[in-house]
Amino acid sequence: MTSLNPAALADSALASPAIPQPGEGKTSPRFLLTLTCPQRPGIVHAVTSFLVEHGFNIDEHQQFDDSVRGNLYLRTAFSGRDALDAAHLTEKFQEIGDRFGMTYQFHDQTRMRLLVMVSKFGHCLNDLIFRWRAGTLGGDIALVVSNHEDLRPMAEAAGLPFVYIPISSGSKPEAERALLRLVDEHEIDLIVLARYMQILSNELCASLEGRAINIHHSFLPGFKGARPYHQAYARGVKLVGATAHYVTADLDEGPIIEQEVIRVDHTYHPTALSTVGQDAEALALSRAVRWHCEHRVLLDGHSTVIFR
């Protein structure tokens, strides 16, 4: 059993099943450019001219002009035989970025590595594993971390390392340090809280800003505390939902990536409501993870722009 022992943590295996790769078999390197900047004429022309001048073909282009905030958001996928990599593209694009006051980033085809955190509920982990093995998650699950042993069989059946980090009164700081060591050792790009039933410290939330996604149930109205589905049944809810969002120090109030809502009626008893809620949670979380891994989510303060 893997525990908080640093040596044991460092020995966690990284092997994962082979899965299909997007664009596999293509000879042309494929890149993505994402950017945000104040609106002004000439931005798209400058971007497309830069790509053409360097011999790239634009494969996909999406943009959103936000007249309220006065900003432009852009995601462009392009490919070509140029030997440039993402770092060189970033350097060569700097003059344009500076000219338009852009916040921008070039991405190559490197798939993100995911660390999934769970407690006792397995529906979200099961869904993420299925999509990962099918090659549709957008990233690769590197390992599963939990404060309980319940989901070890599910993770190990999928060939995933399972790291048990127990949390008791007074042990949370050491547990969070162990988590951050895993993030560094396994070169993790994104942490996915797949119904992980522990509140992260403000310090940990700050260190994971923009690279940790959480899922929680959300009803209209919202029900807090124990037995939310029983509360929902007692109030006769007509909608069951879930929200996937980035983790911040403000509990369950981070920038929203995706929400799923399913209509119900008076015939849904608490167990049925729970089942529907779990479906909504799995759907919202998997979409949020895929969109993040595909660089379809642009953060703007407390809000997001999603290019589907």
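Heavy-atom minimum distance, Arg40 versus Arg99: NH1-O, 3.1 Å. Nearest approach of Cys124 to Ala194, heavy atoms of both residues: CB-CB, 3.8 Å. Residues Pro255 and Gly301 approach most closely at CG-O, 3.7 Å, considering heavy atoms. Looking at every heavy atom in both residues, Leu128 comes nearest to Ser286 through CD2-CA, 4.2 Å. Smallest separation of non-hydrogen atoms from Ala284 and Ala242: CB-O, 4.2 Å.
Cluster membership for Leu180 and Leu200, using ILVMFWY side-chain heavy atoms within less than 4.5 angstrom, is shared. A continuous path of Ile, Leu, Val, Met, Phe, Trp and Tyr side chains, each step under 4.5 Å between heavy atoms, connects Ile129 with Phe162, placing both in one hydrophobic cluster. Hydrophobic clustering of Ile, Leu, Val, Met, Phe, Trp and Tyr side chains at less than 4.5 Å, counting indirect connections, keeps Val145 apart from Phe121. Val52 and Val44 sit in two unconnected hydrophobic clusters of ILVMFWY residues. Membership requires side-chain heavy atoms under 4.5 Å apart, directly or through other members. Residues Ile256 and Leu239 fall into different hydrophobic clusters, defined by Ile, Leu, Val, Met, Phe, Trp and Tyr side chains chained together at heavy-atom separations under 4.5 Å.
Ion pairing of Glu258 with Arg296 is absent here, as no side-chain N (NZ or NE/NH1/NH2) approaches a carboxylate O to less than 4.0 Å. Between Glu176 and Lys172 there is no salt bridge, since no side-chain nitrogen of the basic residue lies less than 4.0 Å from a carboxylate oxygen of the acidic one. Salt bridge Glu174/Arg181: present, at least one basic N to carboxylate O contact under 4.0 Å.
By the 4.5 Å heavy-atom criterion applied to side chains, Tyr229 and Tyr268 are not counted as neighbours. For the pair Leu179/Leu115, a side-chain contact is recorded, criterion being any heavy-atom separation below 4.5 Å from C-beta on.
Aromatic ring orientation, His54 versus Phe50: tilted (interplanar angle from 30° to 60°). The aromatic rings of His295 and His107 lie parallel to each other, with less than 30° between the two planes, well short of the 60° mark.
Hydrophobic cluster membership of Val305, counting Ile, Leu, Val, Met, Phe, Trp and Tyr whose side-chain heavy atoms lie under 4.5 Å apart directly or via other members: Phe64, Tyr73, Leu298, Phe307.
The backbone N or O of Val118 sits less than 3.5 Å from a side-chain atom of Ser146, completing a donor-acceptor pair. Checking side-chain atoms of Ser49 against main-chain N and O of Ala46 turns up no donor-acceptor pair under 3.5 Å. Of the possible polar contacts, one joining the Thr248 side chain to the Asp250 backbone as a donor-acceptor pair under 3.5 Å is found. Between the side chain of Thr243 and the backbone N or O of Ser218 there is no donor-acceptor pair closer than 3.5 Å. Side-chain atoms of Arg111 come within 3.5 Å of backbone atoms of Gly139 as a donor-acceptor pair (strictly under, hydrogens ignored). A donor-acceptor pair is defined here as one N or O able to donate and one able to accept, closer than 3.5 Å; such a pair exists between the side chain of Tyr104 and the backbone of Thr90.
Under the 3.5 Å distance criterion, with hydrogens and angles disregarded, a donor-acceptor pair is assigned to the side chains of Asp108 and Thr110. Between the side chains of Ser79 and Asp59, a donor-acceptor pair is found at a separation under 3.5 Å.
In Glu156, the CD atom is crowded: over 12 heavy atoms of neighbouring residues, nucleotides or ligands sit closer than 6.0 Å.
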Before giving the answer on side-chain hydrogen bond (donor to acceptor under 3.5 Å, both in side chains), spell out for His123 and Asn126 the whole-Å C-alpha distance, their side-chain angles and the decisive distance to 0.1 Å. CA-CA 5 Å; His123 55 287; Asn126 185 61; over 6 Å; no

What's the verdict on side-chain contact (heavy atoms from CB on, under 4.5 Å) for Leu32 and Glu294, showing C-alpha distance, side-chain angles and the deciding distance? CA-CA 9 Å; Leu32 277 167; Glu294 294 178 352; 5.8 Å; no

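Under the side chain to side chain donor-acceptor pair (under 3.5 Å) rule, Tyr246 has a single partner from Arg211, His302, His292, which is His292.
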